[in-house]
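In this text the structure is predicted, and so the values were computed from the model without any measurement. In what follows, every heavy atom counts, from backbone to side chain, and hydrogens, waters and symmetry copies are set aside.
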Amino acid sequence: MAQKEALTTALRKIKHTKNRQISQAFSHTYLVGAVIVLILSPIALLTDRKPLKS
């Protein structure tokens, strides 16, 4: 009975740790994507401009 409780507790901790690490990985991915978009947005505004015709 004690082994079952120890195993259940260990598996619960492993699952919690795994889920937390996966969440952190996704949040870092989105953060990196947001930084790239933020940095490249001004550059995108300067490209493909048509000359003004008078």
Side-chain angles (χ1 to χ4, degrees):
M1 200 65 152
Q3 278 184 326
K4 182 179 178 184
E5 282 186 37
L7 184 60
T8 304
T9 304
L11 289 175
R12 193 176 307 129
K13 286 181 182 179
I14 290 170
K15 185 177 179 182
H16 176 71
T17 303
K18 182 183 80 168
N19 287 340
R20 186 173 42 84
Q21 287 178 348
I22 289 172
S23 296
Q24 285 178 346
F26 275 110
S27 69
H28 288 153
T29 301
Y30 286 119
L31 181 64
V32 168
V35 168
I36 290 171
V37 168
L38 185 66
I39 290 171
L40 295 179
S41 290
I43 296 170
L45 292 173
L46 299 174
T47 61
D48 291 334
R49 284 198 175 180
K50 295 180 181 180
L52 296 174
K53 294 182 179 178
S54 308

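With sequence neighbours excluded, no residue satisfies side-chain contact (heavy atoms from CB on, under 4.5 Å) with Ser23. Looking at residues two or more places apart in sequence or on another chain, you find no side-chain contact (heavy atoms from CB on, under 4.5 Å) involving Ile14.
Side-chain heavy atoms closer than 4.5 Å link hydrophobic residues (I, L, V, M, F, W, Y) into clusters, and following such links, even through other members, never connects Leu31 to Ile22. A single hydrophobic cluster is not seen to contain both Tyr30 and Val35; linkage of ILVMFWY side chains at heavy-atom distances under 4.5 Å, directly or through other members, places them apart.
Closest non-hydrogen pair, Leu38 versus Pro42, comes out as O-CD, 3.4 Å.
Rounding to the nearest 0.5 angstrom, the gap separating the NZ atom in Lys15 from the CZ atom in Arg20 is 15.0 Å.
Grouped by direct or indirect side-chain proximity (heavy atoms under 4.5 Å, Ile/Leu/Val/Met/Phe/Trp/Tyr only), Met1 sits alone.
Around CD of Gln3, the count of heavy atoms belonging to other residues, nucleotides or ligands within 6.0 Å does not exceed 12.
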Audit row: Thr9, Lys13, side-chain contact (heavy atoms from CB on, under 4.5 Å) steps and yes/no: CA-CA 6 Å; Thr9 304; Lys13 286 181 182 179; 3.9 Å; yes

